Every structure is written in C-alpha cells, then in structure tokens.
Amino acid sequence: MTETGRNFILFVLIGLLALPSGLCSAFFTIGGVGLLFEKDPVGQSLSVVFLGGALIGWIFCVLVLFGARRLRRAAGEPGRQGSGDPGGPSGAP
C-alpha cells in the first residue's frame, strides 16, 4: 500500500471516530432544547444536563475532525516525508 493510501485510510478512520459523538450530541441537543420548555423543574434541570453533555460531545467531535484535517494536511507536505536525517556519515567507514 502506498503512503498516500495509508494516510487516506487513517484520515477516514479518524473521521469515523467523530460519527458516534456527533449523532449522540445531535440527539442530546434536540432533547435538551425540548426539555427546556417543560413546566416541571426536574425536566428543566435535566435539560441543563442534556445540553452540557451535548456541548462536550460537540467539542470532542470538532477536535477529532480538526485532528483528521491536520493529519491530512501534514501528509501532503513535501518536507514531511523522508525528513529524518540520521546526522552521521552514511555507511562510510
């Protein structure tokens, strides 16, 4: 497998990490907004918990997507590939 193919698969796998977090955050955002308008104080308190959890999930989702994007950009830079210089003579006695 080529380096580009390996980087693309890694990019997709890291992006898929954001999927469950995004789906759960979407559910808890909708549920939290719906519970905000409850007349019951317990329901209103639960809305704060729902929205807090959704916020944490959205932050995680954004960080994962930015990490995947950064990984993708770093793989495309020409200076990154093979930049490791051993620093010594190359096999000369």
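These numbers were taken from a predicted model, which means no experiment stands behind them.
Leu65 belongs to no multi-residue hydrophobic cluster, having no ILVMFWY side-chain contact under 4.5 Å with any other such residue. In this structure, Ile59 belongs to a hydrophobic cluster whose other members, linked by side-chain heavy atoms under 4.5 Å apart, are Leu55, Leu63.
Here Ile30 pairs with nothing under the side chain to side chain contact (heavy atoms under 4.5 Å, CB included) rule; sequence neighbours left out. The side chain to side chain contact (heavy atoms under 4.5 Å, CB included) test applied to Leu10 returns Ile14, Leu71, not counting sequence neighbours. Scored by the side chain to side chain donor-acceptor pair (under 3.5 Å) test, Arg69 finds no partners at all (sequence neighbours excluded). Annotation: ring-ring contact (aromatic ring centres under 6.0 Å, His included) contacts of Phe28 (sequence neighbours excluded): Phe50. A search for side chain to side chain contact (heavy atoms under 4.5 Å, CB included) contacts involving Ile56 returns nothing, not counting sequence neighbours. Val49 meets the side chain to side chain contact (heavy atoms under 4.5 Å, CB included) test with no other residue; sequence neighbours excluded. Every residue meeting the side chain to side chain donor-acceptor pair (under 3.5 Å) condition with Thr29, not counting sequence neighbours, appears here in chain and number order: Trp58.
Among pairs with a residue in residues 5-17, those fulfilling salt bridge (Lys or Arg N to Asp or Glu O under 4.0 Å) read Glu3-Arg6, at least two apart in sequence or across chains. Residue pairs meeting the side-chain hydrogen bond (donor to acceptor under 3.5 Å, both in side chains) criterion with at least one partner in residues 16-25, sequence neighbours excluded, are absent.
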Pairs under 3.5 angstrom only: tabulate donor-acceptor contacts from the side chains of residues 35-47 to other protein residues two or more places apart or in another chain.
from, atom 1, to, atom 2, distance (Å)
Gln44, NE2, Glu38, O, 2.7
Ser45, OG, Pro41, O, 3.0
Ser47, OG, Gln44, O, 2.5

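Under a hydrophobic clustering in which Ile, Leu, Val, Met, Phe, Trp and Tyr are joined whenever their side-chain heavy atoms come within less than 4.5 Å, directly or via other members, Phe8 and Leu16 fall into the same cluster.
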